[in-house]
Amino acid sequence: MFRVMLYSQWKWSRLIVLLGSVAGFALPIISVQGAARADSSPLQAAELLRTVQSWGVLYPVLAATLGLLVAIASWTPDHRGRHVYALVLPVPRWRYVLLRFGAGALLLAAPITAVLVGALLASWSAAIPAGLQGYPVALAVRFALAVLVAFAVFFAVSAGTARTAGIVLALIGGVMLVQVIANVARVDLDLVGKLQLVVLNWPGPLAIFTGRWMLIDV
Amino acid sequence: MFEHLDARSPTPLYAQIANRIRVGIAAGELRPATPLPSVRHLAAQLRVNPATVVQAYRELETDGFVEMRQGSGTFVREVAPDRRARERAQQATVLVREMLARAGHIGVSLQELQVAIAEEIGVATS
Amino acid sequence: MCRKRWVLLPLGLACARGLIGQELPRLQARADSLAREWRHAAAVADAIDSLERARVFVGHDTIRVGALTIVTNASPLPLREAAVRAWPLIDSVYGDDARQLEERPYAIVPVDPDTTVERPPRHNGTEIPWDQDVASLTLLLLSTVPVAPADTALQRWLGGEVRPLIHADVERAGVYVRLVTAPFEASRRCLIGDISACRDALDLFGRGDPVARWYRSARERRSVVLNTFTGYFDRGTHLATLQACANGSDSACTQLLRSLPPGGLPRPLTHDARTTLVDVALHLGGRDAYHRLAASVGLPIADRLAAAGGIAIDSLLSRWRAEILASRPTPVSLPPWGLWIALGWTILFAVFGLRSSRWRVN
Amino acid sequence: MTNAIEIHNLRYRAGKAFEIRDLELHVPHGAIYGFLGPNGSGKTTTMRLMLGLLRPLAGRITVLGDEIPRDVAHILGRVGFVPEQPHLDPILTVRETLAFHAAFYSTWDWSWAERLLRQFDLQDRQPFGRLSKGQKGKLMMLLALAQRPELLVLDEPTDGLDPVVRREVLSALLDYVSQRQATVFISSHLVHELERFCDWVGVMDDGRLITEVPMERFKNGIKRLRVSGAPRTPADGPFVVLAREPTNGSGETWLVRDWEPRMASYFDGPGVSLHEVIDLDLEDGFVELLRTFRGPRA
């Protein structure tokens, strides 16, 4: 059962998974290009960190994009059939959702592995200055978690009806509206800021995306 | 053989099927010991309910035209020649009755009908 | 008294300036002692002033925690809690010298942060809005400890007064990053384990040319000139030299760097590196370490630190380096429980997917 | 258990315009049950309720002895469903679609599937999305049959198919039914088709079941009578008069239900005569039934 589910989702998301894997493999390697040239100048360490950090921004972006696209691809066949076929299959709903989720998560293992391999290769090939260290495994683990969280969030949204999406949007819109009204009425209320704080900081759901993403760091 | 089954006719489908087979046997088209198509096959072919086919075969069996052997199918039985002749005569009667009924329906008189028959036969034989 | 001390200082400075070149260290020492006297006098005057002022208010208060003394008015400020937190740190840095705080109290004037009423100008004491919390108050107490100021040589080397480190580990982590990333050979070699390089980077060599000691390669010198001082040299007589330096002449770069006024040349390691070094020395030296450091005016800084720590300067630097390396910051900002939280969110959202209203056709 | 499907007192609402009320429905085991009704009468909704795709407001649905929606996953494993619109994963090929479907059904019969594949002339490698309407219809039927269900629920399975494909599909269905003694619940606009093989008929209109009878009784029971000299007010006959219309002259045409030939004696009174009993086929009967059902309210 899982095999056929995996196959169907693979057919839908193979392009995304392949491109994501290529990007995930290339990203760590490109990010240490500065270190690849054998240069023992003391200027190198700072410069390397800067390069690594500027490329590091792309890891959470890649993770979020992959999570989003694979989550959408996971539900596309069902959305196309307006879920009739899915509902007629003789499996309990929770099991069906679990199959879809598991298949999507397993497909995401490919880009995650690509990041791990790329990071290992990059930190192995780069001439890392003294005092700095490569963190390929930590980076890959973090990437994996970010991808999973993004996938789960968009999976849940995508599983919902247009009504669910509408409710989510209405909630966000409501918060904005209250904020605007508060501003106009000169009430000291920073809802958006608070929300951001809750969502983007530990243990918020999106905290995994924030912070520096360094393949090479002190 | 079953080309002209008409589900819309008031004659039930099983009767129509049984009739065709009866005529076939009477006309000598179906020789004794010839196997009839299986219920499954005939139902699929005619797109009728298998129960209808079974009912038709049952009727033929009670009439003594076929015998149903457990597990191997349905076979045409040996039918005495006079019985076959009687059957044919019966079919002819049915046809004529149908014709008369139709004629009555559309207002064709008996004479006109007779003339038409004579002409048709004359044309056919000449 | 006020008048007198204003006269004293310019006089001393004028003398010192006039005699420069003859006996610089001796004069500097004199200036130091004069300045010290002046500051001491000023502090005593301030304390007396503040006590006098405080007496005017009803319900004034003197908080004592250890030797730490705070003169203040009744207010909602959690000063006692802050003092309780600050005192162990202060005691651990100044040791026996912290006793002098009994005579040198903090004068703190709590003010209403929201009031718009004009207040009379204050000559002394620190005005603090009374909505501050304990943490920021502690910070304030630690950064303004009213011990007698150090001599100028120490201040100039350190870049400020000797103060307790509030978050020593964070500071050391910062120094580690600086050691690793500073674009200077000296700091890099120090990181790798060359103690003499540490000495250079921390500005602890006796005599010598700082330009050559701090910037060992032509490339470093050039990059310092071009990155930091282009705007400064980009005029007048230096312009041609600057261009020569930009075109690759090392002697031009060196010449430019040497022409900077004393103290103008940036040191490879920043203030926090030296602060952590002093911290190490003081903790090694025991309760009278600070006293030894303050008393050894006139000696080279390296010797003073060695004296304070009671250990040879190279050993002190090794200890310092070891502590810095031990404080290497955690690199990937994923807390240890982050893994479980992320997985928890994943499961939670997956369950949301399960509970979707999609499970009926409509 | 005598009935494959039993529905009691079912109520369902979707929006303000549409409602299913007090629906009672019984499909005997082994029957081929034709489900008739005009567009929008609630046939598709009833089928979806039956398979647990929708949740009723009230009432009880029992399918193959188990209750919907409690045992829905278990029941669905024994039911082959062909929905109104084919809606399989468009990217999967025919062969992959089969494999996908097969993975979910323990009763799946690969050799039967292969035979149907050849019989229906479907190309293994073609993606479902690129199949023609006829091919899609054949594939849907193939899937439903090859899982060897005890019950087939078919919602307009031949709708929009050309006659050749329609015959192929129905032949395969009947072949399967005679082999397996499966129950079939089928809705179709093509009444002639149903007339050939259904043994039960249910007629639905406006969310209500008008009638549910064996096919023979439906076909033989609805007659048009040409009568003259009948009393003005309809007397209580042994049959139900659905409608009476004056024809040219003194005669009247009656539409009756539950007719039996012996009832001709009812017209043996003085001055009354029954001129003719006209047979209606299923379609005529269906149309007349709907007309009279709606008539009083129109």
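Since this is a predicted model, take the numbers as computed values, not measurements. Chain A is the first sequence line, chain B the second, and so forth, proteins listed ahead of strands; every chain is numbered from 1.
- Between chain B and the options I32(D), V184(D), L170(D), the largest number of non-hydrogen pairs under 4.5 Å is found for I32(D).
- With rounding to the nearest 0.5 Å, the separation of NE2 in H41(B) from CG in D175(D) is 9.0 Å.
- Heavy-atom neighbours of R102(B) CZ from other residues, nucleotides or ligands within 6.0 Å: at or below the threshold of 12.
- Side-chain contact between R47(B) and S171(D) is present, with heavy atoms from C-beta onward closer than 4.5 Å.
- The two residues A44(B) and L174(D) come nearest to each other via the heavy atoms CA-CB, 4.1 Å.
- Atoms NZ and CG, on K219(D) and L13(B) in that order, are 6.0 Å from each other to the nearest 0.5 Å.
- Atom CZ of R40(B) is surrounded by more than 12 heavy atoms from other residues, nucleotides or ligands within 6.0 Å.
- Put simply, the side chain of R196(D) gets close to the backbone of L46(B): a donor and an acceptor are under 3.5 Å apart.
- Atom CG of residue D6(B) and atom CG of residue D281(D) lie 8.5 Å apart, to the nearest 0.5 angstrom.
- Residues C198(D) and N49(B) fail the side-chain proximity criterion, which asks for heavy atoms closer than 4.5 Å.
- Separating the CZ atom in R167(D) from the CD atom in Q45(B) is a distance of 10.5 Å, to the nearest 0.5 Å.
- When heavy atoms are compared at a cutoff of 4.5 Å, L282(D) does not approach chain B at all.
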